[in-house]
Every structure is written in structure tokens, then in C-alpha cells.
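This report refers to the structure that appears directly beneath it.
Order of the sequence lines sets the chain letters (A, B, ...), proteins ahead of strands, with each chain counted from 1.
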2 protein chains.
Amino acid sequence: MSKGEQAQKRIVEAANALIYQQGYNTTSISDVANAIGVTKGNLQYHFRSKEDLLEAVINFRLKEIDKQLQHWELEYPTPTLRLKRFVQMIVNEEVSLVRFGCPMGSLNMELGKSQKLLQAKSLVMFNCYLAWLEKQFRTIDNRNGKSLSRHLMTRAQGAALMAYIYQDPKWLKDECKQINSWIDTQVST
Amino acid sequence: MSKGEQAQKRIVEAANALIYQQGYNTTSISDVANAIGVTKGNLQYHFRSKEDLLEAVINFRLKEIDKQLQHWELEYPTPTLRLKRFVQMIVNEEVSLVRFGCPMGSLNMELGKSQKLLQAKSLVMFNCYLAWLEKQFRTIDNRNGKSLSRHLMTRAQGAALMAYIYQDPKWLKDECKQINSWIDTQVST
DNA sequence: GTCTATAAGAAGATAGAC
DNA sequence: GTCTATCTTCTTATAGAC
């Protein structure tokens with residue numbers, strides 16, 4: 001990796017964290033620059049505009065999601081275990097979900113209010129998870145794979161949102177238990 | 001109502017709409033002033049700061065919610081009908097929910113990222129609905145009233161969020177159907 | 001109560017020195 | 001590649017005329 005690529009990676013990772021924690025609109029170029037100890041002029045050398053930087057952050061997140069889903073596919077032999085692993089992720093990420101919300105849901109919501117074009121780009125993250133969930137559900141119930149995956153995502157997002165709003169992991173735990181029970185009922189039919 | 005109160009009401013209603021449609025951070029005082037054809041200097045006479053204006057908007061919304069819940073209480077004789085009316089609201093508001101998301105959920109999410117104090121204030125809106133839902137559920141299942149009301153709100157928020165993210169009312173319709181079925185199962189137990 | 005004028009600061013983006 | 005300096009625009013907020 002060249003020196004320039006290294007610098008870019010550092011910027012993207014810092015921007016990723018700050019955008020998640022503070023939101024996109026309330027994170028300035030200076031914030032990101034300060035976080036890694038460079039000047040904002042430097043940042044604007046690597047990324048012409050703030051939108052370019054956001055796009056890089058979204059691509060970074062996409063790669064991480066892809067890695068994760070491929071890993072789960074290898075590690076868990078059955079669709080049921082994979083679906084439960086997805087739910088388990090929510091429980092595992094409890095602390096950050098309560099503090100900052102879902103990285104996909106909160107970013108998409110924010111961009112939708114004022115930057116419809118960027119919102120469309122951040123949609124690919126959801127597509128990524130949904131396609132994977134659908135694949136798993138189809139091996140259980142081929143006809144309803146799409147609607148089952150959507151239902152799961154809907155409930156996961158609802159749980160993450162309420163836990164964030166009330167700053168309380170209870171919302172996550174309670175709903176995830178019920179989601180797991182629901183998965184069991186789908187498997188046995 | 002005095003001339004001053006009338007002016008304030010116009011401002012709050014315009015701010016309410018714009019904050020819902022564009023988000024709080026991306027709505028400026030000038031935006032609100034332009035929307036009702038006055039200058040921003042005028043707005044700052046009625047509301048010292050942008051935060052003051054937001055607080056007035058939240059109070060305005062709270063009153064509307066209270067009116068609505070009282071109305072439902074009078075119009076629908078049973079808790080089951082009232083719960084279904086709550087779900088029906090989501091279907092009725094489909095167009096604006098898809099375009100702008102849930103007014104409570106989106107505002108709270110945005111404020112949570114950067115203004116924790118204001119987020120706490122906007123929480124009262126959720127408390128309002130949740131207390132009402134809990135009251136209805138308690139007449140059906142006294143022991144689990146709280147958790148049932150939370151579950152309903154979680155799923156409603158998930159549906160609204162996904163419909164907004166994908167700009168597609170399908171997410172709302174599908175989930176609301178399932179929520180209604182779930183209410184039926186709770187009633188019959 | 002409503003307006004204009006203006007301050008004071010923050011933000012995104014550009015140009016040029018090193 | 002990184003920095004400083006600067007430009008421009010936008011935003012909140014204040015002061016004072018009408």
C-alpha cells in the first residue's frame with residue numbers, strides 16, 4: 001500500500017467513526033482532520049469534497065459487510081444458524097447500538113432528509129444484508145424468502161431504533177428474543 | 001388570541017413542517033422565516049434561539065398527540081379497536097411516512113447524534129404514545145401491558161423506518177398486516 | 001411587532017508555498 | 001503529500017430604526 005493509500009485509509013476510518021457517532025451533517029472536515037492529527041487542507045487533497053469522503057466511507061462499510069457475511073457463510077453450516085447469527089450481531093453490538101444507533105439506519109435517515117442522492121448510495125448497505133438474508137430464508141421457504149427477510153430487517157431496525165431512542169439495551173434484548181422465537185416457527189413449518 | 005400569539009403559532013407550525021421534512025440541523029431560521037414571509041429578525045424576536053423554537057415545536061406536537069389519543073379513546077369503545085386504530089394511523093399516513101419518515105423517530109434520531117439534551121425533550125412524545133398503548137394492553141393482559149406496548153411501538157418504528165429508507169409503502173402495508181394479526185392473537189389469549 | 005444592518009463564527013473549498 | 005492562507009457562503013444572534 002502506497003503512502004497515499006495509507007493516508008486515505010486513515011481518513012476514511014476516522015470519518016467512518018465520526019459520521020457514525022456524530023452524524024454526517026454535524027461532522028465537519030476539520031473534525032475528521034483533527035481526529036487523525038492532520039489539517040483540513042490535507043483532507044481536501046485526498047477528497048475533493050465532503051460528499052466524496054462520504055462515498056468512500058460507504059464503500060468502506062460495504063466491504064466490511066461483505067467480509068462479515070462471507071465469514072458467516074463459512075462458519076455456520078445451516079441457514080437457521082446464519083439467521084440467528086445475524087440476530088446475535090445485534091445483541092453483541094448492544095453498547096454501540098444504544099449509544100449511536102444502527103450505522104446504516106441512522107445514516108440513511110439523515111441523508112434522506114436533505115440529500116436524496118447520497119441516501120440512494122447508502123441504500124446498497126441494506127441491499128447487501130437483505131440479499132443475504134433472503135438467500136438464507138429461501139432455503140427454508142423458497143416462496144416467501146423476500147418477505148421473510150424484509151420482516152426480519154424491519155424488526156431488527158425497530159429494535160435498534162427504540163434502544164437508541166431510550167438509551168436502553170432492554171429494547172434490543174426483548175425484541176431479539178422474540179425474533180429468535182419467530183425464526184424457530186419459520187423453520188419448523 | 002393576541003397578535004403576538006398568532007404570529008408565534010404561525011412560526012411554530014411552519015417550523016414543525018420544515019423540521020419534519022428537512023430535518024432540524026438542515027433547517028435554518030431563514031428557511032422558516034421565508035416559509036411564512038417574514039424576516040429572520042422577526043423570528044428571533046419571538047424565539048431567542050433555535051433551540052427555543054425546537055422546544056416550542058415539540059410542545060406543539062405533544063398537544064396534537066394528546067388531542068389525537070383522547071379522540072381515539074372517545075371514538076373507539078374497546079382496547080382492541082383502539083390498538084388497531086393506532087396501526088391504522090400508520091397506514092393512513094403512508095404518503096408522508098414514506099417521504100419524510102416518522103416525525104418522532106427521525107427527530108429523535110437526529111437530535112441524539114449531536115444534541116443529547118434536546119433528544120431527551122423529544123422523548124416525551126414517545127412516552128405519550130407508549131403510556132396510552134400500555135393502558136390499552138393492560139385491559140387485555142394486565143401483567144404484560146408494558147412489554148406488549150413496547151413490542152408494538154418497536155415494530156411500528158421498524159416499519160416506518162424501512163418504508164422511508166426504501167421510499168416504498170410496501171414495507172408499511174406488509175408489516176401493519178402482521179401487526180394486526182399479532183394483536184388478534186394477544187386478544188384471544 | 002416587524003424590519004434592516006451587522007456582527008461573529010463555522011463550514012466547504014481553492015491556491016500556492018514547502 | 002502536507003501545510004498555511006484565503007475566499008465565499010451560510011448560520012445564529014444582536015442592535016437599533018421604524
So does B:Lys135 have more than 12 non-hydrogen atoms from other groups sitting under 6.0 Å from NZ?
no

Figure out the CG/C1' separation between B:Asp52 and D:dA13, and round it to whole Å.
12 Å

DNA chain C-proximal residues of residues 4-21 of chain B, any heavy atom under 4.0 Å:
B:Gly4, B:Ala7

Within residues 111-119 of chain A, those residues having any heavy atom closer than 4.0 Å to DNA chain C are none

In whole angstroms, the gap separating P of D:dT12 from CD of B:Gln44 amounts to 8 Å

Does CZ belonging to A:Arg10 count more than 12 external heavy atoms closer than 6.0 Å?
no

Quiz item: cation-pi between B:Lys50 and B:Tyr24, 6.0 Å / 45°
yes

B:Asn42 CG to D:dA13 P: how many Å, rounded?
16 Å

Whether B:Lys67 and B:Glu64 form a salt bridge (side-chain N of Lys/Arg under 4.0 Å from carboxylate O of Asp/Glu) is what I want to check.
yes

Is B:Thr27 touching bases, backbone alone, or none of the nucleic acid, heavy atoms closer than 4.0 Å?
sugar-phosphate

Quick one: how far along DNA chain C does chain A reach, first to last nucleotide 5' to 3', anything under 4.0 Å to a heavy atom?
C:dA11 to C:dT14

Parallel, tilted or perpendicular: which one describes the rings of A:Tyr129 and A:Trp72, with boundaries at 30° and 60°?
tilted

For residues A:Asn92 and A:Gln88, is any side-chain donor paired with an opposing acceptor at under 3.5 Å?
yes

Using the 3.5 Å cut-off, write out each protein N or O paired with an N or O of nucleotides 6-10 of chain D and the distance between them.
none

Rounded to the nearest Å, what distance is computed from the CZ atom of residue B:Phe47 to the P atom of nucleotide D:dA13?
13 Å

Heavy-atom count around B:Leu117 CG within 6.0 Å, excluding the residue itself: above 12?
no

Just the rounded figure in Å: distance from P of D:dT11 to CG of B:Leu43.
14 Å

Is there a side chain to side chain contact (heavy atoms under 4.5 Å, CB included) between B:Arg155 and A:Glu175 once you walk through the steps?
CA-CA 9 Å; B:Arg155 290 178 70 170; A:Glu175 189 66 14; 4.0 Å; yes

Ring centres under 6.0 angstrom apart (A:Phe126, B:Trp171)
no

Could you work out how much the helix from C:dG1-D:dC18 to C:dC18-D:dG1 bends, comparing the axis of its first five pairs with that of its last five, to 10°?
0°

ring-ring contact (aromatic ring centres under 6.0 Å, His included) for A:Trp132 and A:Tyr76? Distances and angles first, verdict last.
CA-CA 13 Å; A:Trp132 187 84; A:Tyr76 301 93; 9.2 Å; no

In terms of heavy-atom contacts, does NZ of B:Lys121 have more than 12 from other residues, nucleotides or ligands at under 6.0 Å?
no

Summary of salt bridge (Lys or Arg N to Asp or Glu O under 4.0 Å) pairs that have at least one residue in residues 97-120 of chain A, sequence neighbours excluded
none

Looking only at side chains, do A:Asn127 and B:Tyr166 share a donor and an acceptor under 3.5 Å apart?
yes

Under the side chain to side chain contact (heavy atoms under 4.5 Å, CB included) rule, what do A:Leu69 and A:Arg82 come out as? Steps first, then yes or no, please.
CA-CA 9 Å; A:Leu69 294 178; A:Arg82 291 173 190 158; over 6 Å; no

Rounded to the nearest Å, what distance is computed from the CD atom of residue B:Glu51 to the C1' atom of nucleotide D:dT12?
11 Å

Donor + acceptor pair across side chains of B:Gln22, B:Thr27 (<3.5 Å)
yes

With the threshold set at 4.0 Å, does a side-chain nitrogen-carboxylate oxygen contact exist between B:Glu5 and B:Lys9?
no

